[in-house]
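Here the structure comes first, spelled out in structure tokens, and everything after it is commentary.
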There are 2 protein chains.
Amino acid sequence: MSDEHDNLAFLIADTNRLIRQFFQQRLRCSPITLAQARALFYVSRFEGVKQVELADALEIQPMTMARLLDQLCDLQLVERVQDPNDRRAYQIFLTPAAKPHLAEIERVSALMREQMLSTLGSEQVSSFMRTLIRLRTGLLND
Amino acid sequence: MSDEHDNLAFLIADTNRLIRQFFQQRLRCSPITLAQARALFYVSRFEGVKQVELADALEIQPMTMARLLDQLCDLQLVERVQDPNDRRAYQIFLTPAAKPHLAEIERVSALMREQMLSTLGSEQVSSFMRTLIRLRTGLLND
DNA sequence: TGCATATAATAAGCAGAGCTTACAATATAG
DNA sequence: CTATATTGTAAGCTCTGCTTATTATATGCA
């Protein structure tokens, strides 16, 4: 069992799966997935930007972002507005309906953080996050 | 961009995606996925156990494990042998062909570890892993 | 012994997250 | 004005994992 723990990749993959499960269980009221939540979260922080820019920020392909936005549009949490300066592009905005969902996401995030980090000191947590970011950066320059 | 870093869940999901990409790129010679590698890795450590036990060890559903073993059987890296004590069950064994693949997995793991952790001290790494395991445990008791 | 219940594996089918390739419409540089 | 680049999308694939039956076998119990 704890043999796995030699292997960082497996451990992260595993944790990721548990996070997704956790997230989906708590959020069954609002039918949003982790990836959608992440996209929505970014939209709320960069409202009005183009899809390409969003995709870039999330480091996913434009097509993947287009699909996520399709879903968020279907749920009427997000609007595509023609960019007045570029008729190819859309600007992405939140709808009023998005607010409670964002709050819900925040709530579940906090819950999860609580459940994961409750036994850790805040110093430990921030050190952990910093290390994780460095790992991630190491993988990015591929 | 760095706004995401407030959110541990998103950060881990993201890192996971990068790990999977890394893994698949380096391993294109042998057509094995991360999940298959993980299963194979476990089989090598618990050779002869039943599928249910493997599923349990990896904390995935028996059906998910059955599929993974189907794939590994197709690749002839693993064999299902009738359990002499229980005619419902199979015991899982490596084939001789598995060895080089396991070595390859080891190689790529080491490569990834190197690339992710090169800038970190070993003390930092083990502290990181310990914290990660605690997070994961926190999520497990759901 | 015989039956009810539990367990091992699997069939079938779905969902989530992401990718690639190809293409239309529009911008922009030369 | 033409060539090139960019925005968004259609179509379809992969990978990882799940749920809900079903079949075959074990096993506890009466």
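All figures in this text were calculated on a predicted structure; none of them were measured in a lab. Note that these values count all heavy atoms, side chains included, but never hydrogens, waters or copies made by symmetry. Naming convention: chains lettered A, B, ... in sequence-line order (proteins, then strands); numbering from 1 in each chain.
If you measure from atom CG of Leu68(A) to atom P of dG8(D), you get 14 Å, rounded to the nearest angstrom. Remark: P of dG17(D) and CG of Leu34(B) are 8 Å apart, rounded to the nearest angstrom. The distance between atom CD of Gln91(A) and atom C1' of dG8(D), rounded to the nearest whole Å, is 14 Å. Rounded to whole Å, the distance from CE on Met65(A) to P on dT9(D) is 12 Å. Taking atom CD1 of Ile32(B) as the reference point, atom C1' of dC15(D) lies 14 Å away to the nearest angstrom. Straight-line distance from the CG atom of Leu69(B) to the C1' atom of dT16(D): 14 Å, rounded to whole Å. One interatomic measurement links the two molecules: CZ of Phe10(A) to P of dG17(D), which rounds to 11 Å at whole-angstrom precision. In this structure, Gln24(A) atom CD and dT16(D) atom C1' are separated by 12 Å, rounded to whole Å.
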#### Entry: Evaluation steps, salt bridge (Lys or Arg N to Asp or Glu O under 4.0 Å), between Asp14(B) and Arg38(A)
CA-CA 10 Å; Asp14(B) 209 35; Arg38(A) 187 172 170 237; 3.2 Å; yes
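The nucleotide range of DNA chain C contacted by chain A, defined by atoms under 4.0 angstrom from heavy atoms of the protein and reported 5' to 3', is dG16(C) to dA27(C).
The residue Arg67(A) sits close to a base: some heavy atom pair falls under 4.0 Å. Counting non-hydrogen atoms under 4.0 angstrom, Thr33(B) reaches the backbone sugars and phosphates but no base. Using a 4.0 Å heavy-atom criterion, one finds that Met63(A) contacts the bases of the nucleic acid, with or without backbone contacts as well.
Nearest-nucleotide mapping onto DNA chain C: of Val52(B) and Ala13(B), the residue sitting toward the 5' end is Val52(B).
A 4.5 Å side-chain heavy-atom check between Phe128(A) and Thr131(A) finds every atom pair outside the cut-off. Counting only heavy atoms from C-beta outward, the side chains of Leu27(B) and Glu104(B) approach each other to under 4.5 Å. Between Val78(B) and Leu69(B) there is a side-chain heavy-atom pair separated by less than 4.5 Å.
For the residue pair Gln91(B)/Arg80(B), the side-chain donor-acceptor check at 3.5 Å is not satisfied.
Note: Phe10(B) and Phe41(A) have perpendicular aromatic rings, judged against thresholds of 30 and 60 degrees for the angle between ring planes.
Between dT9(D) and Gln51(A), a contact under 4.0 Å exists linking OP1 or OP2 to a side-chain N or O.
Of the possible polar contacts, one joining the Ser109(B) side chain to the Ile105(B) backbone as a donor-acceptor pair under 3.5 Å is found. Between the side chain of Arg87(A) and the backbone N or O of Gln82(A) there is no donor-acceptor pair closer than 3.5 Å.
Residues from residues 77-89 of chain B with heavy atoms under 4.0 angstrom of DNA chain D, sorted by number: Asp86(B), Arg87(B), Arg88(B).
Shown here is Glu106(B), whose CD atom has no more than 12 heavy atoms of other residues, nucleotides or ligands within 6.0 Å.
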